[in-house]
Amino acid sequence: MTTADFSPGSKPGTWIIPASGHMLVPVEFYATRPLLETLDSRVITQIKNVATLPGIVEAAVIMPDGHQGYGFPIGGVAAFDQDRGGVISAGGVGFDIACGVRTLLTGIPVRDLPARAERLADRLAAAIPAGVGSRGLPALPDAAMRRMLSGGAHWAVEQGFGNSHDLERIEDGGCLEDADPAMVSPRATERQRTEMGTLGSGNHYLEVQHIAEIIDAKTAAVFGLHKDEIVVSLHCGSRGLGHQVATDYARTMLEQAGKHGLCLPDRELACAPIKSSLGHRYLGAMRAAGNCALANRQIIAALVRRVFNETFGSADLPLLYDVSHNLCRVERHAAGRLHVHRKGATRSLPPGHPRLCSDFQAVGQPVLVGGSMGTSSYILAGHSNAAFASACHGAGRRLSRTQAARRWQGAKVVNELRRQAIIVRGQSGRGLAEEAPGAYKDIDQVIAATVAAGLARTVARLEPLICIKG
DNA sequence: ATGTGC
(Lines give C-alpha, C1' and ligand atoms only; values in the text may rest on other atoms or scores of the structure.)
Protein backbone atom coordinates (compact mmCIF):
# COMPACT_ATOMS: atom_id res chain seq x y z
CA MET A 1 0.00 0.00 0.00
CA THR A 2 1.75 3.16 -1.19
CA THR A 3 1.05 6.62 -2.49
CA ALA A 4 0.74 4.94 -5.91
CA ASP A 5 -2.79 4.07 -4.74
CA PHE A 6 -3.73 7.73 -5.24
CA SER A 7 -4.93 9.18 -8.50
CA PRO A 8 -5.60 12.88 -9.17
CA GLY A 9 -9.11 13.94 -8.17
CA SER A 10 -11.41 16.15 -10.22
CA LYS A 11 -10.62 19.23 -8.08
CA PRO A 12 -7.08 20.70 -8.16
CA GLY A 13 -4.72 19.56 -5.41
CA THR A 14 -6.99 16.62 -4.59
CA TRP A 15 -5.95 12.94 -4.62
CA ILE A 16 -8.34 10.02 -4.50
CA ILE A 17 -8.28 6.34 -3.61
CA PRO A 18 -11.47 4.78 -5.02
CA ALA A 19 -13.52 2.56 -2.71
CA SER A 20 -12.46 -1.09 -2.87
CA GLY A 21 -12.79 -4.15 -0.64
CA HIS A 22 -14.70 -3.20 2.52
CA MET A 23 -14.39 0.54 1.90
CA LEU A 24 -17.82 2.21 1.69
CA VAL A 25 -16.51 5.53 0.33
CA PRO A 26 -13.33 6.75 -1.37
CA VAL A 27 -10.39 8.35 0.43
CA GLU A 28 -9.71 11.99 -0.42
CA PHE A 29 -6.34 13.65 0.34
CA TYR A 30 -5.35 17.26 -0.25
CA ALA A 31 -1.66 17.68 -0.95
CA THR A 32 1.07 19.10 -3.07
CA ARG A 33 3.10 16.41 -4.82
CA PRO A 34 5.97 16.58 -2.26
CA LEU A 35 3.47 16.07 0.58
CA LEU A 36 1.85 13.19 -1.30
CA GLU A 37 5.20 11.50 -1.86
CA THR A 38 6.21 11.72 1.80
CA LEU A 39 2.91 10.38 3.17
CA ASP A 40 3.55 7.41 5.46
CA SER A 41 1.94 4.19 4.21
CA ARG A 42 0.48 3.55 7.68
CA VAL A 43 -1.60 6.72 7.33
CA ILE A 44 -3.04 5.37 4.10
CA THR A 45 -3.93 2.10 5.82
CA GLN A 46 -5.57 4.04 8.64
CA ILE A 47 -7.72 6.27 6.44
CA LYS A 48 -8.77 3.30 4.26
CA ASN A 49 -9.88 1.59 7.47
CA VAL A 50 -11.92 4.68 8.40
CA ALA A 51 -13.62 4.43 4.99
CA THR A 52 -15.01 1.00 6.02
CA LEU A 53 -16.88 2.28 9.11
CA PRO A 54 -20.71 2.03 8.98
CA GLY A 55 -22.66 5.09 7.93
CA ILE A 56 -19.68 7.07 6.62
CA VAL A 57 -20.75 9.65 4.04
CA GLU A 58 -19.11 10.87 0.80
CA ALA A 59 -15.41 10.33 1.59
CA ALA A 60 -12.81 9.68 4.29
CA VAL A 61 -10.66 12.79 4.18
CA ILE A 62 -7.02 13.54 5.07
CA MET A 63 -5.73 17.08 5.36
CA PRO A 64 -2.29 18.11 4.00
CA ASP A 65 -0.81 17.90 7.52
CA GLY A 66 -2.11 14.35 8.01
CA HIS A 67 -0.02 11.80 9.85
CA GLN A 68 -0.40 8.60 11.83
CA GLY A 69 -2.64 8.71 14.90
CA TYR A 70 -4.52 6.37 17.24
CA GLY A 71 -6.87 4.53 14.86
CA PHE A 72 -7.85 7.58 12.82
CA PRO A 73 -5.03 9.64 11.28
CA ILE A 74 -4.37 13.05 12.78
CA GLY A 75 -5.60 15.41 10.06
CA GLY A 76 -8.54 13.09 9.41
CA VAL A 77 -12.12 14.21 8.76
CA ALA A 78 -14.99 11.72 8.58
CA ALA A 79 -18.75 12.38 8.64
CA PHE A 80 -21.42 9.85 9.61
CA ASP A 81 -25.20 9.68 9.14
CA GLN A 82 -26.91 8.30 12.25
CA ASP A 83 -29.87 7.13 10.15
CA ARG A 84 -27.61 4.93 8.07
CA GLY A 85 -26.00 3.13 10.99
CA GLY A 86 -23.42 5.86 11.47
CA VAL A 87 -20.92 5.57 14.31
CA ILE A 88 -19.08 7.79 16.76
CA SER A 89 -15.48 6.85 17.60
CA ALA A 90 -13.38 7.94 20.58
CA GLY A 91 -10.26 7.44 18.47
CA GLY A 92 -11.85 9.55 15.74
CA VAL A 93 -11.89 12.55 18.07
CA GLY A 94 -8.56 11.79 19.69
CA PHE A 95 -7.13 11.67 23.19
CA ASP A 96 -6.91 15.41 23.68
CA ILE A 97 -10.59 16.24 23.28
CA ALA A 98 -11.18 19.80 21.93
CA CYS A 99 -7.49 20.54 21.86
CA GLY A 100 -7.25 23.80 19.97
CA VAL A 101 -5.68 27.17 19.37
CA ARG A 102 -6.66 30.71 20.30
CA THR A 103 -5.04 33.95 19.20
CA LEU A 104 -5.12 37.23 21.14
CA LEU A 105 -4.44 40.60 19.52
CA THR A 106 -2.26 43.12 21.38
CA GLY A 107 -1.92 46.17 19.10
CA ILE A 108 1.68 46.41 20.39
CA PRO A 109 4.27 47.19 17.69
CA VAL A 110 7.01 44.56 17.44
CA ARG A 111 9.67 47.28 17.92
CA ASP A 112 8.51 47.60 21.55
CA LEU A 113 9.36 43.98 22.31
CA PRO A 114 13.17 43.50 22.26
CA ALA A 115 13.83 45.62 25.37
CA ARG A 116 11.30 43.56 27.35
CA ALA A 117 11.50 40.17 25.62
CA GLU A 118 13.51 38.20 28.19
CA ARG A 119 11.47 39.57 31.08
CA LEU A 120 8.23 38.81 29.24
CA ALA A 121 9.39 35.24 28.54
CA ASP A 122 10.28 34.73 32.21
CA ARG A 123 6.97 36.13 33.40
CA LEU A 124 4.93 34.04 30.96
CA ALA A 125 6.86 30.91 31.94
CA ALA A 126 6.26 31.70 35.62
CA ALA A 127 2.56 32.54 35.22
CA ILE A 128 1.42 29.68 32.99
CA PRO A 129 1.90 26.22 34.50
CA ALA A 130 3.32 23.89 31.85
CA GLY A 131 4.72 20.41 31.53
CA VAL A 132 3.54 16.95 32.52
CA GLY A 133 1.61 16.90 35.78
CA SER A 134 1.71 20.65 36.36
CA ARG A 135 -0.97 22.10 38.63
CA GLY A 136 -3.09 25.17 37.99
CA LEU A 137 -6.07 26.64 39.89
CA PRO A 138 -6.67 25.47 43.46
CA ALA A 139 -8.48 22.10 43.62
CA LEU A 140 -12.07 22.44 42.37
CA PRO A 141 -14.87 20.88 44.44
CA ASP A 142 -17.20 18.47 42.61
CA ALA A 143 -19.97 21.03 42.17
CA ALA A 144 -17.56 23.48 40.50
CA MET A 145 -16.20 20.70 38.28
CA ARG A 146 -19.74 19.96 37.09
CA ARG A 147 -20.43 23.63 36.37
CA MET A 148 -17.14 23.87 34.47
CA LEU A 149 -17.97 20.76 32.40
CA SER A 150 -21.40 22.17 31.52
CA GLY A 151 -20.43 25.78 31.02
CA GLY A 152 -17.06 25.76 29.25
CA ALA A 153 -15.61 29.24 28.73
CA HIS A 154 -18.79 30.78 30.22
CA TRP A 155 -17.89 29.18 33.55
CA ALA A 156 -14.36 30.58 33.31
CA VAL A 157 -15.70 34.10 32.66
CA GLU A 158 -18.03 33.76 35.68
CA GLN A 159 -14.94 32.90 37.74
CA GLY A 160 -13.31 36.17 36.65
CA PHE A 161 -11.17 34.93 33.76
CA GLY A 162 -11.68 37.19 30.76
CA ASN A 163 -14.95 38.83 29.75
CA SER A 164 -18.18 38.17 27.92
CA HIS A 165 -16.85 39.70 24.68
CA ASP A 166 -14.44 36.77 24.50
CA LEU A 167 -17.34 34.31 24.24
CA GLU A 168 -18.48 35.60 20.83
CA ARG A 169 -14.99 34.87 19.52
CA ILE A 170 -14.99 31.21 20.54
CA GLU A 171 -16.42 28.52 18.29
CA ASP A 172 -19.84 27.36 19.50
CA GLY A 173 -20.09 30.55 21.56
CA GLY A 174 -17.66 29.15 24.13
CA CYS A 175 -19.87 26.29 25.28
CA LEU A 176 -20.72 22.91 23.78
CA GLU A 177 -24.41 22.21 24.34
CA ASP A 178 -25.68 18.86 25.58
CA ALA A 179 -22.55 18.18 27.59
CA ASP A 180 -23.23 15.59 30.29
CA PRO A 181 -20.80 15.80 33.24
CA ALA A 182 -22.40 12.66 34.72
CA MET A 183 -20.89 10.68 31.82
CA VAL A 184 -17.36 11.69 32.86
CA SER A 185 -15.79 9.08 35.15
CA PRO A 186 -14.74 9.95 38.71
CA ARG A 187 -11.18 9.09 37.70
CA ALA A 188 -11.27 11.63 34.85
CA THR A 189 -12.67 14.29 37.21
CA GLU A 190 -10.02 13.50 39.80
CA ARG A 191 -7.20 13.89 37.29
CA GLN A 192 -8.45 17.35 36.29
CA ARG A 193 -9.25 18.70 39.73
CA THR A 194 -5.94 20.60 40.01
CA GLU A 195 -5.15 20.98 36.29
CA MET A 196 -7.39 23.88 35.24
CA GLY A 197 -5.31 26.69 33.71
CA THR A 198 -2.38 24.50 32.70
CA LEU A 199 -0.77 24.29 29.28
CA GLY A 200 0.22 20.61 29.23
CA SER A 201 3.11 19.11 27.29
CA GLY A 202 3.97 17.63 23.90
CA ASN A 203 3.06 19.97 21.06
CA HIS A 204 1.24 22.41 23.34
CA TYR A 205 2.68 25.89 23.51
CA LEU A 206 2.17 29.56 24.14
CA GLU A 207 3.80 31.87 21.60
CA VAL A 208 4.36 35.58 21.30
CA GLN A 209 4.40 36.19 17.55
CA HIS A 210 4.60 39.10 15.16
CA ILE A 211 2.56 39.58 12.04
CA ALA A 212 5.26 39.19 9.41
CA GLU A 213 3.10 39.30 6.31
CA ILE A 214 -0.42 40.37 5.39
CA ILE A 215 -1.64 38.38 2.41
CA ASP A 216 -5.30 39.42 2.28
CA ALA A 217 -5.58 43.05 3.42
CA LYS A 218 -9.39 43.20 3.44
CA THR A 219 -9.85 40.10 5.60
CA ALA A 220 -6.88 41.03 7.81
CA ALA A 221 -8.58 44.35 8.55
CA VAL A 222 -11.78 42.55 9.58
CA PHE A 223 -9.73 40.24 11.82
CA GLY A 224 -7.83 43.22 13.33
CA LEU A 225 -4.44 42.04 12.05
CA HIS A 226 -1.85 44.70 11.25
CA LYS A 227 1.64 44.11 9.94
CA ASP A 228 4.47 44.28 12.51
CA GLU A 229 2.16 44.03 15.50
CA ILE A 230 2.44 41.40 18.22
CA VAL A 231 -0.14 38.65 18.78
CA VAL A 232 -0.22 35.82 21.30
CA SER A 233 -1.30 32.31 20.33
CA LEU A 234 -1.79 29.37 22.64
CA HIS A 235 -2.34 25.71 21.89
CA CYS A 236 -3.68 23.34 24.53
CA GLY A 237 -6.63 21.13 25.36
CA SER A 238 -8.52 19.15 27.96
CA ARG A 239 -5.46 17.80 29.81
CA GLY A 240 -5.89 14.71 31.99
CA LEU A 241 -9.69 14.79 31.87
CA GLY A 242 -9.96 14.56 28.09
CA HIS A 243 -7.33 11.87 28.03
CA GLN A 244 -9.17 9.80 30.64
CA VAL A 245 -12.54 10.24 28.88
CA ALA A 246 -10.98 9.03 25.62
CA THR A 247 -9.30 6.10 27.39
CA ASP A 248 -12.50 5.08 29.21
CA TYR A 249 -14.73 5.20 26.14
CA ALA A 250 -12.27 3.70 23.66
CA ARG A 251 -12.10 0.67 25.94
CA THR A 252 -15.88 0.40 26.39
CA MET A 253 -16.45 0.88 22.65
CA LEU A 254 -14.08 -2.01 22.00
CA GLU A 255 -15.78 -4.21 24.59
CA GLN A 256 -19.23 -3.49 23.12
CA ALA A 257 -18.28 -3.64 19.44
CA GLY A 258 -19.54 -7.26 19.12
CA LYS A 259 -22.81 -6.41 20.85
CA HIS A 260 -23.31 -3.56 18.36
CA GLY A 261 -22.55 -5.89 15.44
CA LEU A 262 -19.43 -3.93 14.45
CA CYS A 263 -16.56 -5.63 12.67
CA LEU A 264 -13.47 -3.47 13.32
CA PRO A 265 -10.52 -3.53 10.93
CA ASP A 266 -8.34 -2.14 13.76
CA ARG A 267 -9.10 -2.25 17.49
CA GLU A 268 -8.03 1.40 17.70
CA LEU A 269 -11.05 2.25 15.53
CA ALA A 270 -13.39 1.23 18.34
CA CYS A 271 -16.72 3.01 17.91
CA ALA A 272 -20.42 2.78 18.74
CA PRO A 273 -23.57 3.52 16.76
CA ILE A 274 -24.53 7.17 17.23
CA LYS A 275 -28.02 5.97 18.11
CA SER A 276 -26.82 3.55 20.83
CA SER A 277 -26.78 4.30 24.55
CA LEU A 278 -22.98 4.14 24.52
CA GLY A 279 -22.86 6.55 21.57
CA HIS A 280 -25.02 9.06 23.45
CA ARG A 281 -22.99 8.65 26.62
CA TYR A 282 -19.72 9.25 24.79
CA LEU A 283 -21.10 12.35 23.07
CA GLY A 284 -22.19 13.74 26.45
CA ALA A 285 -18.77 13.05 27.96
CA MET A 286 -16.91 14.32 24.88
CA ARG A 287 -18.80 17.64 25.03
CA ALA A 288 -18.07 17.94 28.75
CA ALA A 289 -14.37 17.35 28.03
CA GLY A 290 -14.65 19.92 25.24
CA ASN A 291 -15.99 22.45 27.71
CA CYS A 292 -13.03 21.66 29.95
CA ALA A 293 -10.69 22.57 27.08
CA LEU A 294 -12.61 25.80 26.34
CA ALA A 295 -12.47 26.80 30.02
CA ASN A 296 -8.78 25.93 30.18
CA ARG A 297 -7.89 28.17 27.23
CA GLN A 298 -10.06 30.96 28.67
CA ILE A 299 -8.17 30.80 31.98
CA ILE A 300 -4.74 30.76 30.33
CA ALA A 301 -5.69 33.76 28.17
CA ALA A 302 -6.54 35.68 31.36
CA LEU A 303 -3.13 34.76 32.83
CA VAL A 304 -1.47 36.05 29.64
CA ARG A 305 -3.38 39.34 29.93
CA ARG A 306 -2.15 39.80 33.50
CA VAL A 307 1.46 39.31 32.38
CA PHE A 308 1.03 41.78 29.50
CA ASN A 309 -0.44 44.29 31.93
CA GLU A 310 2.63 43.98 34.18
CA THR A 311 5.00 44.23 31.23
CA PHE A 312 3.37 46.75 28.88
CA GLY A 313 0.88 48.47 31.17
CA SER A 314 -2.08 47.23 29.13
CA ALA A 315 -4.25 44.16 29.53
CA ASP A 316 -6.30 44.98 26.45
CA LEU A 317 -5.73 41.80 24.46
CA PRO A 318 -8.95 41.11 22.55
CA LEU A 319 -9.53 37.56 21.42
CA LEU A 320 -9.37 37.10 17.64
CA TYR A 321 -10.76 33.57 17.78
CA ASP A 322 -10.59 30.20 19.51
CA VAL A 323 -10.80 26.98 17.46
CA SER A 324 -10.99 23.36 18.56
CA HIS A 325 -9.39 20.83 16.27
CA ASN A 326 -10.24 17.52 17.99
CA LEU A 327 -14.01 17.26 18.13
CA CYS A 328 -17.13 15.64 16.70
CA ARG A 329 -19.95 18.08 15.94
CA VAL A 330 -23.45 17.65 14.56
CA GLU A 331 -23.63 19.76 11.42
CA ARG A 332 -25.81 20.19 8.37
CA HIS A 333 -24.07 19.54 5.05
CA ALA A 334 -25.14 18.72 1.49
CA ALA A 335 -25.56 15.07 2.52
CA GLY A 336 -27.82 16.01 5.46
CA ARG A 337 -27.41 16.15 9.23
CA LEU A 338 -24.05 14.55 9.98
CA HIS A 339 -21.74 13.79 12.89
CA VAL A 340 -18.48 15.27 11.63
CA HIS A 341 -15.33 13.93 13.29
CA ARG A 342 -12.38 16.29 13.02
CA LYS A 343 -9.17 14.95 14.49
CA GLY A 344 -6.36 17.40 13.98
CA ALA A 345 -8.47 19.41 11.55
CA THR A 346 -9.95 22.89 11.89
CA ARG A 347 -13.49 23.88 11.05
CA SER A 348 -13.47 26.32 8.12
CA LEU A 349 -16.87 28.01 7.85
CA PRO A 350 -17.30 30.08 4.67
CA PRO A 351 -18.64 33.63 4.49
CA GLY A 352 -22.36 33.84 5.18
CA HIS A 353 -22.56 30.62 7.20
CA PRO A 354 -25.38 30.74 9.80
CA ARG A 355 -23.13 29.46 12.62
CA LEU A 356 -20.65 32.30 12.11
CA CYS A 357 -20.78 35.29 14.44
CA SER A 358 -21.75 38.60 12.80
CA ASP A 359 -18.17 39.96 12.81
CA PHE A 360 -17.05 37.26 10.37
CA GLN A 361 -20.12 36.94 8.14
CA ALA A 362 -18.47 38.78 5.24
CA VAL A 363 -15.11 36.96 5.23
CA GLY A 364 -15.49 33.51 6.82
CA GLN A 365 -14.17 32.19 10.11
CA PRO A 366 -10.58 32.64 11.21
CA VAL A 367 -8.75 29.34 10.72
CA LEU A 368 -5.78 29.37 13.10
CA VAL A 369 -2.94 27.13 11.91
CA GLY A 370 -0.04 26.71 14.33
CA GLY A 371 3.36 25.90 12.91
CA SER A 372 6.07 23.95 14.65
CA MET A 373 8.38 25.57 17.22
CA GLY A 374 10.43 28.25 15.47
CA THR A 375 8.51 28.30 12.18
CA SER A 376 5.68 30.40 10.79
CA SER A 377 2.06 30.09 11.83
CA TYR A 378 -0.77 31.17 9.55
CA ILE A 379 -4.16 32.76 9.90
CA LEU A 380 -6.52 31.67 7.14
CA ALA A 381 -10.19 32.34 6.46
CA GLY A 382 -12.89 29.75 5.85
CA HIS A 383 -13.86 28.97 2.27
CA SER A 384 -16.88 27.37 0.66
CA ASN A 385 -14.91 24.61 -1.10
CA ALA A 386 -13.83 23.04 2.19
CA ALA A 387 -14.77 19.36 2.53
CA PHE A 388 -17.26 19.16 5.41
CA ALA A 389 -16.20 22.77 6.11
CA SER A 390 -12.72 21.67 7.24
CA ALA A 391 -9.10 22.72 6.78
CA CYS A 392 -5.66 21.79 8.10
CA HIS A 393 -4.62 22.49 11.72
CA GLY A 394 -0.83 22.65 11.82
CA ALA A 395 2.40 21.53 10.23
CA GLY A 396 1.88 17.82 10.94
CA ARG A 397 4.58 15.50 12.19
CA ARG A 398 7.09 14.13 9.69
CA LEU A 399 9.04 12.01 12.20
CA SER A 400 7.75 10.17 15.29
CA ARG A 401 8.59 11.46 18.75
CA THR A 402 11.02 8.58 19.22
CA GLN A 403 12.79 9.30 15.92
CA ALA A 404 13.00 13.01 16.79
CA ALA A 405 14.40 12.34 20.28
CA ARG A 406 17.13 10.17 18.71
CA ARG A 407 18.08 12.84 16.18
CA TRP A 408 18.01 16.08 18.23
CA GLN A 409 18.95 17.34 21.69
CA GLY A 410 16.72 19.85 23.47
CA ALA A 411 19.51 22.26 24.47
CA LYS A 412 20.89 22.35 20.92
CA VAL A 413 17.44 23.01 19.49
CA VAL A 414 16.99 25.94 21.90
CA ASN A 415 20.42 27.35 20.99
CA GLU A 416 19.70 27.07 17.28
CA LEU A 417 16.43 28.95 17.75
CA ARG A 418 18.18 31.59 19.85
CA ARG A 419 20.46 32.26 16.87
CA GLN A 420 17.26 33.02 14.97
CA ALA A 421 16.32 35.47 17.78
CA ILE A 422 13.55 33.17 19.05
CA ILE A 423 13.38 32.82 22.84
CA VAL A 424 12.32 29.37 24.03
CA ARG A 425 11.37 28.37 27.58
CA GLY A 426 10.85 24.60 27.91
CA GLN A 427 10.11 22.12 30.65
CA SER A 428 11.94 19.07 29.36
CA GLY A 429 14.98 18.49 27.16
CA ARG A 430 13.46 15.42 25.62
CA GLY A 431 10.20 17.28 24.98
CA LEU A 432 12.09 20.03 23.15
CA ALA A 433 13.97 17.46 21.04
CA GLU A 434 10.71 15.77 20.11
CA GLU A 435 9.37 19.14 19.03
CA ALA A 436 12.39 20.13 16.91
CA PRO A 437 11.19 22.01 13.80
CA GLY A 438 12.81 19.34 11.61
CA ALA A 439 10.43 16.74 13.04
CA TYR A 440 7.56 18.53 11.30
CA LYS A 441 6.45 18.94 7.71
CA ASP A 442 7.06 22.21 5.89
CA ILE A 443 4.20 24.49 7.00
CA ASP A 444 4.45 26.51 3.77
CA GLN A 445 3.75 23.32 1.76
CA VAL A 446 0.81 22.48 4.02
CA ILE A 447 -0.67 25.95 3.56
CA ALA A 448 -0.05 25.86 -0.21
CA ALA A 449 -1.93 22.54 -0.42
CA THR A 450 -4.77 23.85 1.76
CA VAL A 451 -5.22 26.93 -0.42
CA ALA A 452 -4.84 25.02 -3.70
CA ALA A 453 -7.62 22.64 -2.65
CA GLY A 454 -9.85 25.61 -1.77
CA LEU A 455 -10.18 24.62 1.91
CA ALA A 456 -9.32 28.12 3.14
CA ARG A 457 -7.81 31.44 1.99
CA THR A 458 -4.51 32.79 3.37
CA VAL A 459 -4.85 36.00 5.39
CA ALA A 460 -1.63 36.52 7.35
CA ARG A 461 1.66 34.85 8.26
CA LEU A 462 3.04 35.02 11.79
CA GLU A 463 6.62 34.51 12.99
CA PRO A 464 7.52 33.43 16.53
CA LEU A 465 9.42 35.65 18.98
CA ILE A 466 8.90 33.84 22.30
CA CYS A 467 7.82 30.23 22.69
CA ILE A 468 6.76 28.71 26.03
CA LYS A 469 6.72 24.90 25.66
CA GLY A 470 5.15 22.34 27.94
C1' DA B 1 -2.14 13.93 23.86
C1' DT B 2 -1.10 11.44 28.90
C1' DG B 3 0.03 11.33 36.92
C1' DT B 4 4.07 9.60 28.71
C1' DG B 5 3.20 1.28 30.34
C1' DC B 6 -0.79 -2.99 32.81
Side-chain angles (χ1 to χ4, degrees), chain A residues 46 65-76 89-101 129-137 139-140 145 184-206 234-252 254-255 267-268 270 285-286 288-290 292-294 296-297 300 323-328 341-346 370 372-373 393-397 399-406 410 426-435 439-440 468-470:
Chain A
Q46 287 192 324
D65 51 335
H67 58 107
Q68 193 189 4
Y70 179 91
F72 278 58
I74 294 160
S89 168
V93 170
F95 275 76
D96 192 359
I97 296 167
C99 180
V101 177
V132 179
S134 58
R135 308 181 92 189
L137 298 191
L140 292 183
M145 286 293 291
V184 174
S185 68
R187 190 176 180 189
T189 303
E190 217 45 57
R191 283 180 68 167
Q192 194 61 28
R193 203 181 288 284
T194 56
E195 285 192 342
M196 292 310 295
T198 64
L199 196 62
S201 63
N203 63 2
H204 291 164
Y205 63 80
L206 187 150
L234 61 99
H235 174 214
C236 65
S238 48
R239 305 288 287 111
L241 185 140
H243 188 271
Q244 191 63 46
V245 166
T247 303
D248 293 341
Y249 281 90
R251 183 176 154 198
T252 310
L254 185 62
E255 286 166 357
R267 52 191 286 131
E268 294 184 358
M286 178 205 75
C292 174
L294 297 180
N296 197 32
R297 290 197 288 275
I300 294 174
V323 302
S324 296
H325 50 227
N326 286 3
L327 207 57
C328 177
H341 293 65
R342 295 189 184 85
K343 179 182 185 181
T346 308
S372 59
M373 183 169 58
H393 86 307
R397 286 201 87 83
L399 301 177
S400 72
R401 294 194 169 277
T402 312
Q403 286 173 307
R406 272 200 290 266
Q427 293 289 327
S428 121
R430 185 188 163 100
L432 290 163
E434 289 175 355
E435 290 294 314
Y440 282 84
I468 311 295
K469 285 295 283 186

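Everything numeric in this text was worked out from a predicted model, so none of it was measured. Letters go in sequence order (proteins before strands), and every chain restarts at 1.
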Please give, in whole Å, the distance from [N] [atom2] to [X] [atom1]?
{"X": "A:L432", "N": "B:dT4", "atom1": "CG", "atom2": "P", "result": "18 Å"}
{"X": "A:E434", "N": "B:dT2", "atom1": "CD", "atom2": "P", "result": "12 Å"}
{"X": "A:R430", "N": "B:dT4", "atom1": "CZ", "atom2": "P", "result": "13 Å"}
{"X": "A:Q427", "N": "B:dT4", "atom1": "CD", "atom2": "P", "result": "15 Å"}
{"X": "A:K469", "N": "B:dT4", "atom1": "NZ", "atom2": "P", "result": "19 Å"}
{"X": "A:F95", "N": "B:dT2", "atom1": "CZ", "atom2": "C1'", "result": "9 Å"}
{"X": "A:N326", "N": "B:dT2", "atom1": "CG", "atom2": "P", "result": "11 Å"}
{"X": "A:Q244", "N": "B:dC6", "atom1": "CD", "atom2": "P", "result": "10 Å"}

Touch class at under 4.0 angstrom, heavy-atom based, for [X] against every strand present:
{"X": "A:R187", "result": "base"}
{"X": "A:G94", "result": "nothing"}
{"X": "A:G237", "result": "nothing"}

(request) Using a strict cut-off of less than 4.0 Å between a Lys/Arg side-chain nitrogen and an Asp/Glu carboxylate oxygen, indicate whether A:K469 and A:E435 qualify as a salt bridge. (result) yes
(message) Between A:R187 and A:E190, does any NZ, NE, NH1 or NH2 come within less than 4.0 Å of an OD or OE carboxylate oxygen?
(response) no
(message) Measuring to OP1 and OP2 of B:dT2, would you say a side-chain N or O of A:R239 lies under 4.0 angstrom away?
(response) yes
(message) Less than 4.0 angstrom between a side-chain N/O of A:S201 and OP1 or OP2 of B:dT4, yes or no?
(response) no
(request) Mind checking salt bridge (charged side-chain N to carboxylate O under 4.0 Å, His left out) for A:R430 and listing every partner two or more places apart, or none if nothing turns up? (result) A:E434
(request) Please identify each residue that fulfils side chain to side chain contact (heavy atoms under 4.5 Å, CB included) with A:L140, with sequence neighbours left out. (result) A:A144, A:M145, A:W155, A:M196
